[in-house]
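Okay, so here's the structure we're looking at.
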Amino acid sequence: MRGTTKYGSCWKVAAQNRPPRSFYYSLSASTRKATALQDFSYAAATTIDEAVSLLSAGGDRARVLAGGTDIIVQLREGLRSADLVVDVKKIPELMALDFDPARGLLLGAAVPCYRLYDDERIAAAYPALVDSARIIGGWQIQGRASIGGNLCNSSPAADSIPSLIALGATCRIAGPAGTREVPVAEFCTAPGRNCLARGEFLVSLVLPAPRGGSAYLRFIPRNEMDIAVVGVGAWVELDPSGQKIADARIALAAVAPTPVVAAEAGKSLVGQPASEASFKAAGEAAKKVARPITDRRGPADYRTHLVGVLTQRVLATAVERAKSKK
Amino acid sequence: MSKRIHVSTTINGAPTEFLCEARQSLLEVLRDTLRLTGSKEGCGNGNCGACTVLLDGVPVDSCLVLAVEAEGADITTVEGLAHDTRLHPLQQCFLEGAALQCGICTPGFLVTAKALLDRNPKPTEHKIRFQLSGNLCRCTGYDKIVRAVQEAAKALDGNGRAEKKAAAKPRAAAH
């Protein structure tokens, strides 16, 4: 399969090929000819219970359709197959977007990315998530693609997942046995795989009330429209003096089979001055979590190096944002 | 499985109904069923933006929308930009500024640029380049496209008034 070809560090290949979109990096940037989609039937569920029963009955042959920017490509290119596509955009809970500064954000799993950055209050409250929403594909993708879909596609390189983890987001999942909650940090299990069982689907993401500052940064060889070589999301809270870090969370993308938490890096910042030296030390700690592969987007040691650089930079931005809120 | 589904939409201001299979993309139906061949199929996977249409005012890649999802939606394609024989200022500026060579990408650029100017009548060059990053052009090197959008913004008087008038007309004509 083309996706397993190793291009090593040959950036020119990545730059000259048709630019890839957000799909897990081992299988993306297809140059296969676009063809008609395989045959399937379509059902638009209007309630959570209806979607659960459709998905339970369909099993592995049923797929959830939110923005469609991953699943339609995967069906077209034969990377996944389905007998039934269940559109969840007519379920009110999946399209919810409720922000309350005291309670937090309830983000329906099918809400398209653009609605996050079009809402100034949300953009100000969760800047890391909005950093991600602005760079997942181009504008046309953001008009359809949802953060929930980006999570369920479970790419190791997904741009929204480090931000969700850094912001402490929780998944609300519905299924035949009722609803359950799973921290985003525990949702992905392998490239393209997650903890959703048969008949289950993601209803919404719950973010805690906004505190401190946050940011997401990725490295790509192009200006826009590419898949992260490395992505880093960070959240920091400053102590009352505004000079020291009270708490921090850092998460990484594209350096392991799933997005990962750099727990030690976050812990290393607690009580430290909000300085370049602390950020650099955190970057070194974050590098220890990285277990990258070498592929066409970059060699493993380069990716590890990038983790250090990006962690340092993203922390500086997150701290600046935390200070500007004080 | 390939039962045909009835879909009611509004396309370029005109109420439009069609039959489609669940697996058909909106782009396929626009081009092959409705013969609105302005939208192009470039890559078929959401990279190139040649198939961009406005779905309830939001730019989307129509190759990544199932036609059945268009039920009840208001769609604008590149065919909806001009009013009778009068080109939309964006089209006029693309023409005068030679912002196209082979032309395959042009309908997508026009539709995305229209969406941009609808929201932001005076975009900076950086903003134009960022918002058009989901549209690929292999011929022009983008500079002429960006300049054409800037010229169109000027032609639209920068206050959105001409834009609103231009956008309102085809719809009014359809009712």
Side-chain angles (χ1 to χ4, degrees), chain A residues 16-23 28-44 65-77 79 82-87 89-90 112-115 118 134-145 222-227, chain B residues 1-5 7 20-28 32 40-69 71-73 108-109 111-113 115-116 119 126-136 138 142:
Chain A
Q16 287 170 1
N17 270 345
R18 197 166 45 215
R21 38 176 306 290
S22 183
F23 183 60
S28 58
S30 170
T31 53
R32 266 164 284 188
K33 179 85 188 80
T35 49
L37 281 159
Q38 55 191 284
D39 204 3
F40 53 75
S41 37
Y42 168 92
L65 173 70
T69 58
D70 283 308
I71 192 66
I72 292 177
V73 178
Q74 291 160 12
L75 291 171
R76 183 172 283 144
E77 299 188 347
L79 297 168
D83 293 332
L84 174 67
V85 164
V86 180
D87 189 348
K89 292 190 291 296
K90 293 192 168 72
C113 287
Y114 82 92
R115 288 192 56 201
D118 271 6
R134 280 184 208 281
I135 58 171
I136 295 174
W139 193 10
Q140 294 91 331
I141 296 296
Q142 294 153 19
R144 292 260 296 164
R222 310 178 77 233
N223 287 328
E224 307 299 339
M225 290 283 286
D226 207 346
I227 292 171
Chain B
M1 235 191 280
S2 55
K3 199 180 75 175
R4 283 156 67 86
I5 302 162
V7 178
C20 68
E21 291 176 36
R23 64 171 176 171
Q24 281 186 293
S25 69
L26 177 59
L27 177 64
E28 277 176 73
D32 301 343
K40 304 300 182 207
E41 180 175 42
C43 64
N45 60 21
N47 273 304
C48 77
C51 64
T52 304
V53 301
L54 303 184
L55 192 65
D56 294 324
V58 178
V60 300
D61 293 319
S62 60
C63 73
L64 297 187
V65 178
L66 297 181
V68 291
E69 292 182 82
E71 174 64 41
F109 270 101
V111 171
T112 312
L116 171 62
R119 286 163 181 74
H126 182 265
K127 180 77 178 167
I128 294 171
R129 287 184 184 273
F130 186 78
Q131 295 306 124
L132 294 180
S133 65
N135 292 85
L136 300 186
R138 288 304 201 206
Y142 300 101

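Proteins come first, then strands; the chains are lettered A, B, ... in the order of their sequence lines, and each starts at number 1. It should be emphasised that the depicted structure is a prediction, and the values quoted were computed from it without experimental measurement.
- Using a 4.5 Å cut-off between heavy atoms, B/Arg119 contacts chain A through its side chain alone, with no backbone atom that close.
- B/Ser133 and A/Gly138 make their closest contact through OG-CA, 4.5 Å (heavy atoms, listed as atom of the first residue, atom of the second, distance).
- Contact annotation: the side chain of A/Gln140 approaches that of B/Asn135 to within less than 4.5 Å [non-hydrogen atoms, C-beta and beyond].
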Exercise for the section: Mind running side-chain contact (heavy atoms from CB on, under 4.5 Å) on B/Val68 and A/Asp87 for me, showing each step along the way? Expected result: CA-CA 10 Å; B/Val68 291; A/Asp87 189 348; over 6 Å; no
Handout entry: Residues B/Ser25, A/Arg76; criterion side-chain contact (heavy atoms from CB on, under 4.5 Å); working and verdict
Key = CA-CA 10 Å; B/Ser25 69; A/Arg76 183 172 283 144; 3.7 Å; yes
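- In this structure, the separation between OG1 on B/Thr112 and CH2 on A/Trp139 is 7.0 Å, given to the nearest 0.5 Å.
- The distance from the CD atom of A/Gln142 to the CD atom of B/Gln131 is 7.5 Å, given to the nearest 0.5 Å.
- For the atom pair CG of A/Asp70 and CG of B/Asn45, the computed distance is 11.0 Å after rounding to the nearest 0.5 Å.
- Ranked by heavy-atom pairs under 4.5 Å with chain A, the first of B/Leu54, B/Leu116, B/Leu55 is B/Leu116.
- With a 4.5 Å cut-off on non-hydrogen atoms, A/Leu75 does not touch chain B at all.
- With a 4.5 Å cut-off on non-hydrogen atoms, A/Lys90 does not touch chain B at all.
- Looking at every heavy atom in both residues, B/Arg23 comes nearest to A/Phe40 through CA-CZ, 3.6 Å.
- Residue B/Val65 touches chain A through both its backbone and its side chain, counting heavy-atom pairs closer than 4.5 Å.
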Problem - Steps toward side-chain contact (heavy atoms from CB on, under 4.5 Å) verdict (A/Leu37, B/Glu21) - result: CA-CA 10 Å; A/Leu37 281 159; B/Glu21 291 176 36; over 6 Å; no
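- Applying the salt bridge (Lys or Arg N to Asp or Glu O under 4.0 Å) definition to pairs two or more places apart or across chains, those involving residues 136-145 of chain A are A/Arg144-B/Glu69.
- Here the side chains of A/Ile141 and B/Leu64 are in contact, with some heavy-atom distance below 4.5 Å.
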